[in-house]
Amino acid sequence: MRNFKIGFWAVIFGLMGIVIFQNQDFFMAKQSLSVDFIFTKYETPELFRAILFAGVFLAGFIISYIFTLIDRLSFRKVVKSLGAEIDSQNENITLLINELESLKGGLSGNNKENKEKEEEKEEEEEQKSA
């Protein structure tokens with residue numbers, strides 16, 4: 001999958017390079033960008049269009065990263081709370097299994113803890129008899 005991603009992005013950047021190379025006249029022309037607010041007017045110095053395109057792309061990339069960062073932080077909180085809920089439910093399950101075994105009055109053959117206890121008792125008996 002990693003090789004596929006590298007290949008995919010190589011193809012995308014290659015196609016972008018071809019478009020830019022074939023349209024050098026357009027991208028290398030100088031142009032200024034102006035913004036006219038009601039109270040002020042701002043105009044950039046003349047820059048290559050390629051620099052303007054790269055700046056707009058970078059600004060969009062940063063904005064999208066900020067919005068996804070907010071979502072990732074909220075998802076991290078959700079995952080943390082769900083992990084805590086899983087832990088508490090596992091504790092409840094363990095308590096209920098122990099209560100069920102105590103109500104049965106015997107040892108369950110499927111419980112690892114009970115098997116370990118049986119093995120310890122057997123070892124103690126062997127030590128006492130030796």
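Here, residue 1 is the first one in the sequence, and each next residue gets the next number. On a predicted model such as this, the values are computed, not experimentally measured, just so you know. Values below: every heavy atom of this structure, side chains too, minus hydrogens, waters and symmetry copies.
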From [X] [atom1] over to [Y] [atom2], what is the distance, rounded to the nearest 0.5 angstrom?
X   : Y    : atom1 : atom2 : answer
I86 : I93  : CD1   : CD1   : 10.0 Å
Q89 : E85  : CD    : CD    : 5.0 Å
Q31 : T44  : CD    : OG1   : 8.5 Å
I20 : L15  : CD1   : CG    : 11.0 Å
L95 : L100 : CG    : CG    : 12.5 Å
L47 : L33  : CG    : CG    : 8.5 Å

Hey, can you tell me if F13 and W9 have their rings parallel, tilted or perpendicular (30° and 60° cut-offs)?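 Taking W9 first and then F13, their aromatic rings sit tilted (interplane angle of 30° to 60°).
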Tell me if the CZ atom of R72 is crowded by more than 12 foreign heavy atoms within 6.0 Å.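 Yes, enclosed.
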Would R2 and I6 count as a side chain to side chain contact (heavy atoms under 4.5 Å, CB included) here? Give the steps. CA-CA 6 Å; R2 182 177 178 172; I6 293 171; 4.2 Å; yes
Residues in side chain to side chain contact (heavy atoms under 4.5 Å, CB included) contact with I63, at least two apart in sequence or another chain: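 Partners of I63 under the side chain to side chain contact (heavy atoms under 4.5 Å, CB included) test: F67.
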Taking F8 as the starting point, is it possible to reach M1 by hopping between hydrophobic residues whose side chains are less than 4.5 Å apart?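 In one cluster with M1: F8, no.
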Identify whether L58 and I66 are in the same connected component of the hydrophobic contact network (ILVMFWY, side-chain heavy atoms under 4.5 Å).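 Yes, one cluster joins them.
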Report yes if the side chains of T40 and F37 come closer than 4.5 Å at any heavy-atom pair, otherwise no.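 In contact.
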Suppose we call two aromatic rings close when their centres sit under 6.0 Å apart. Are F27 and F53 close by that rule?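 Judged by ring-centre distance (under 6.0 Å), F27 and F53 do meet the cut-off.
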Tell me yes or no: between the side chains of S32 and E46, is some donor less than 3.5 Å from an acceptor?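 There is no such pair between these side chains.
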Do T68 side-chain atoms and Y65 backbone N/O form a donor-acceptor pair below 3.5 Å?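 A pair under 3.5 Å: yes.
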Looking at every non-hydrogen atom in both residues, tell me the closest pair between M28 and F48 and how far apart they are.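 Smallest interatomic distance, heavy atoms only, reads O-CD2, 3.0 Å.
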